[in-house]
Amino acid sequence: MEEEKNLNFIEQIVENDLREGKNDGRIQTRFPPEPNGYLHIGHVKAICMDFGIAEKYNGVCNLRFDDTNPVKEDTEYVDSIQQDIRWLGFRWGQVYYASDYFDQLYELALRFIREGKAYVDEQTAEQIAEQKGTPTEPGVASPYRDRPVEENLRLFEAMQRGEIEEGRMVLRAKIDMANPNMHFRDPIMYRIITSHPHHRTGRKWNVYPMYDFAHGQSDYFEGVTHSICTLEFVVHRPLYDYFIDQFVGEVPSNFPAWKEGSDYRPHQYEFNRLNITYTVMSKRKMLQLVKEGLVAGWDDPRMPTVCGLRRRGYTAEAIRTFIDKIGYTKVEGMIDLGLLEHTIRESLKQTAPRVCAIFDPVKLVLTNYVGDGEMIEAENIDGMPELGSRIMPFGKELYIERGDFLEEADKNFFRLSPGGREVRLKSAYIIQATGCEKDSEGCITTVYATYDPTSKSGTEGGNRKTKATINWVECGSCVDVEARLYDRLFRVENPSAEEGDFRDLLNADSLKVVTCKAEQSLRNEMHPVQVVDGIAQVKHFQLLKQGYFVIDPDTNENRLVLNRTASLKDNWQK
RNA sequence: UGCCUAAUGGUGUAAUGGUAGCACUACAGAUUCUGGUUCUGUCUGUCUGGGUUCGAGUCCUGGUUAGGCAACCA
């Protein structure tokens, strides 16, 4: 039986359109990133929507780079964006660029001018802003608003020929300077950009269309039916519709299957963007963190970028599950970072092999141990023998966590304490502490214990219950491992809501690098990380009681570097 | 003194005129060779006034609150 799943409001709209036979029963979406930065988890929410709708309703989702501003855009980003989308597990139909339509858009602009719907304004940006009015006061008309068509035509063509200096003139739509929607107050359609070549068209163009004059038209040209975006574009929708109204019904140039007489027209729908506590979701701020070296790069594991999350150890599956859990509405909210962490724990707990590593080691000597070269076999995940096992050398001298021993323990502490409870060494023997040795400053240097040789795990004598199980590694065989312990990037839940500089809100402890002593089996991981399709392959572990970790690409034959993806929940409060 | 959105537990979402449900969090207990996991339970919610209706979270209406809108950005 199919699981009953509630539809989000976009899916309801789509199903309704399908029921009514709109757009010839077609569903077509697009993901329209601007190639001016790396994808972050907020984009993933949009990607899951755009690609998800197409997948679910047998439609197609194309990738379209919204590259109308050469000042900010670069091919570097075009590549990384495609890589990230593929990694997430989505496949687009076609790759398009808004710049594919520059010729058509230019023709359309000329037509607007001829029809008296556009004019060339030669005021400064400041003057134009001034005349725009405010949300509560109407704007006033530009002195150039009623320029003759011929003059507009001549000037706009001069703009494109590069005869006009950047910033000297713009092409404006002639709509309504008193409209309560600010975007209708003669919005700019084209501006001159001669200072930067375009990453695809080079120096061909000296004028470039603004978003509002490019996006809806591009949708139309391609046959997009549902143009889904985030809430900040709601106020742009009337303008989106206005521009399309001017030529709707004409043959869409990049949509060969279009049929004469079709009712086709694209519609824009908006959903709430993703905000997560203790991070920022603004490309501008991320770029600043990267440029100023406040993080190690776009793929710093503390960053909410797709590449950052990947390096942190988040799987594509877990990220998509997370997006699925948070849903789509029109309510602007803030998602608890805890939900993202919960999702990755849920995913990794079933697959990540368990290994021992001691972070704050203290030597444990088993005074009655006489064995030599003993090997212990332990399952990679307890209770799942099909996932294999590994060998752990055992011996008289081990490292255990300093925190697992307390000289004077209260009843809430059920680990090692002299004369205290019996404690199990994970997968090995039951021991009992007898005492400890301290240095001149009172710091414990060695813990002494006796072990019960008949209590080995998996044997009959090992069935005895203990209240605690502690981790250990054998001193002679263990390996030093660099562990990078990541925590939330910011100290406050919502850095964007705070007054002042957001950089002052960074969490100074968001990265701690420590060296821990890990069990011998991790030596097998000391080799360069494999790279497939430009993406470093990840391998996860759970360091028992410490959390989930992933091997970092900085790893080589000489050192193993682990990034903490997420800690384990810790209910032991003191 | 404008226009556009939206208001359901601490958080995120569902209920499409008919029992306010789910997940996360928190707390409590049980289980456990990870103080993890698992299981069970508990707390906490329809912004507000009026109306329509046998019946309203849902429809109508007035208010309140929050967010967005005045880039030659997208």
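Both backbone and side-chain heavy atoms feed into the values below; hydrogens, waters and symmetry mates do not.
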**Q.** rU61(B) and rC22(B), which share atom name C1', separated by this distance in whole Å
**A.** 33 Å

Q.
Does Gly458(A) reach a base, just sugar-phosphate, or nothing at all? Heavy atoms under 4.0 Å.
A. base

**Q.** Selection residues 269-282 of chain A - residue pairs positive for salt bridge (Lys or Arg N to Asp or Glu O under 4.0 Å), sequence neighbours left out
**A.** Glu232(A)-Arg273(A), Arg237(A)-Glu270(A)

**Q.** Value in whole Å for how far the P atom of rU34(B) lies from CD of Gln542(A)
**A.** 11 Å

Q.
If you take any heavy atom closer than 4.0 Å to RNA chain B, which residues from residues 66-74 of chain A end up in contact?
A. Asp66(A), Thr68(A), Asn69(A), Lys72(A)

**Q.** Along RNA chain B (nearest heavy atom to each residue), the more 5'-positioned of Asn8(A) and Arg415(A)
**A.** Asn8(A)

Q. Reckon Phe414(A) touches a base, only the sugar-phosphate, or nothing at all at heavy-atom distances under 4.0 Å?
A. base

Q. Side-chain N or O of Lys349(A) less than 4.0 angstrom from OP1 or OP2 on rU38(B)?
A. yes

**Q.** Note: Asp382(A)-Lys426(A) ion pair, threshold 4.0 Å (strictly below)
**A.** yes

Q: Taking atom C1' in both rU19(B) and rU58(B), compute the distance separating them and give it to the nearest angstrom.
A: 15 Å

Q) Which of these, Trp205(A), Phe102(A), Phe65(A), sits in a ring-ring contact (aromatic ring centres under 6.0 Å, His included) with His198(A)? A) Phe102(A)

Q.
I need the CZ-P distance between Phe184(A) and rC4(B), as an integer number of Å.
A. 12 Å

Q. Is the backbone of Gln123(A) close enough, under 3.5 Å, to the side chain of Asp121(A) for a donor and an acceptor to pair up by distance?
A. yes

Q) Using a cut-off of 4.0 Å on non-hydrogen atoms, how would the nucleic acid contact of Leu544(A) be classed: base, sugar-phosphate, or nothing? A) base

Q. Is the gap between the ring centers of Phe549(A) and Phe541(A) under 6.0 Å?
A. no

**Q.** P spacing across the pair rG45(B) / rU38(B), given as an integer number of angstrom
**A.** 27 Å

**Q.** OP1 or OP2 of rC69(B) under 4.0 Å from side-chain N/O of Asn181(A)
**A.** no

Q: Give one of base, sugar-phosphate or nothing for Tyr190(A), where a contact means two heavy atoms less than 4.0 Å apart.
A: nothing

Q | Salt bridge Lys456(A)-Glu374(A), side-chain N to carboxylate O under 4.0 Å | A | yes

(Q) Could you tell me how far apart Lys330(A) (NZ) and rA14(B) (P) are, to the nearest whole angstrom? (A) 13 Å

(Q) Under 4.0 Å, heavy atoms only, any strand: does Ala129(A) hit a base, just the sugar-phosphate, or nothing? (A) sugar-phosphate

Q: Measure from CZ on Arg273(A) to C1' on rA74(B) and round the result to the nearest Å.
A: 10 Å

Q. Quick one: the side chain of Gln546(A) and the base of rU34(B), do they pair up donor-acceptor inside 3.5 Å?
A. no

Q: From the options rA70(B), rG36(B), rA71(B), select the nucleotide whose nearest atom is closest to the side chain of Met210(A).
A: rA71(B)

Q. What nucleic acid atoms does Lys426(A) come within less than 4.0 Å of, heavy atoms only: base, sugar-phosphate, or nothing?
A. base

Q: Determine, using ring centers only, whether Tyr77(A) and Tyr38(A) are less than 6.0 Å apart.
A: yes

**Q.** Exam field: side chain Arg354(A) to backbone Ala352(A), donor-acceptor pair closer than 3.5 Å
**A.** yes

Q.
Determine whether the aromatic ring centres of residues Tyr211(A) and Phe233(A) are separated by less than 6.0 angstrom.
A. yes

**Q.** C1'-based separation of rU44(B) from rU25(B) [nearest Å]
**A.** 12 Å

Q: Write down the distance separating the C1' atoms in rG29(B) and rG67(B), rounded off to the nearest Å.
A: 43 Å

**Q.** Pairwise C1' distance, rA23(B) and rG62(B) [rounded to whole Å]
**A.** 36 Å

Q: Mind listing the residues from residues 336-348 of chain A sitting with a heavy atom below 4.0 Å of RNA chain B? Number order is fine.
A: Asp336(A), Leu339(A), His342(A), Glu346(A)

Q. Does the distance from a Lys or Arg side-chain N to an Asp or Glu carboxylate O, for Glu519(A) and Arg390(A), drop under 4.0 Å?
A. yes

Q) What nucleic acid atoms does Gly167(A) come within less than 4.0 Å of, heavy atoms only: base, sugar-phosphate, or nothing? A) base

**Q.** Cation-aromatic face contact Arg200(A)/Tyr97(A), 6.0 Å, 45 degrees
**A.** yes

Q. CG of Asn275(A) versus P of rA66(B): gap in Å, rounded?
A. 18 Å

Q) Touch check for Leu568(A), heavy atoms < 4.0 angstrom, all strands: base, sugar-phosphate only, or nothing? A) base

Q. In whole Å, what separates the P atom of rC47(B) from that of rA15(B)?
A. 16 Å

Q: Compare side-chain N and O positions of Lys132(A) against OP1 and OP2 of rA71(B) and report whether any pair is under 4.0 Å apart.
A: no

Q: Looking at every strand, decide which applies to Val170(A) at a 4.0 Å heavy-atom threshold: base, sugar-phosphate, or nothing.
A: base

Q) Roughly how far apart, to the nearest Å, are rU46(B) and rG57(B) at atom P? A) 11 Å

**Q.** Close side-chain approach of Glu166(A) and Ile193(A), heavy atoms under 4.5 Å
**A.** yes

Q.
Without decimals, in angstroms, what is the distance between Phe322(A) CZ and rU25(B) P?
A. 13 Å

Q) On RNA chain B, nearest-nucleotide positions of Thr136(A) versus Lys545(A): which is more 5'? A) Thr136(A)

Q) Is the phosphate of rG67(B), meaning OP1 or OP2, less than 4.0 Å from a side-chain N or O of Asn272(A)? A) no

Q | Within residues 234-242 of chain A: residues closer than 4.0 Å to RNA chain B (heavy atoms) | A | Val234(A), Val235(A), His236(A)

(Q) In this structure, how many angstroms lie between the P atom of rG36(B) and the NE2 atom of His540(A), rounded? (A) 22 Å

(Q) Without decimals, in angstroms, what is the distance between Tyr328(A) OH and rA14(B) C1'? (A) 17 Å

Q. Is any side-chain nitrogen or oxygen of Lys465(A) closer than 4.0 Å to OP1 or OP2 of rU31(B)?
A. no

**Q.** Contacts of type salt bridge (Lys or Arg N to Asp or Glu O under 4.0 Å), residue Glu157(A), not counting sequence neighbours
**A.** none

Q) Hey, mind stepping through Glu122(A) and Arg147(A) against salt bridge (charged side-chain N to carboxylate O under 4.0 Å, His left out) and telling me if it holds? A) CA-CA 11 Å; Glu122(A) 31 188 309; Arg147(A) 214 196 268 280; 2.5 Å; yes

Q.
Tell me whether the rings of Phe156(A) and Tyr190(A) are parallel (<30°), tilted (30 to 60°) or perpendicular (>60°).
A. perpendicular

Q: Using a 4.5 Å cut-off on heavy atoms from C-beta on, say whether the side chain of Glu474(A) contacts that of Phe394(A).
A: no

**Q.** Dot-bracket notation for RNA chain B, counting Watson-Crick and G-U pairs under 3.5 Å, with | for partners on another strand
**A.** .((((((..((((....[..)))).(((((.......)))))....(((((..]....))))))))))).....

Q. Taking the six-membered ring of Tyr328(A), is the NZ or CZ of Lys45(A) close enough (under 6.0 Å from the centre) and on axis enough (within 45°)?
A. yes

(Q) With a 3.5 Å distance limit and no angle check, can you tell me whether Gln127(A) reaches the backbone of Thr124(A) through a side-chain donor-acceptor pair? (A) yes

Q: Could you check whether Asn36(A) gets within reach of a base, just the sugar-phosphate, or nothing at all, counting any heavy atom under 4.0 Å?
A: nothing

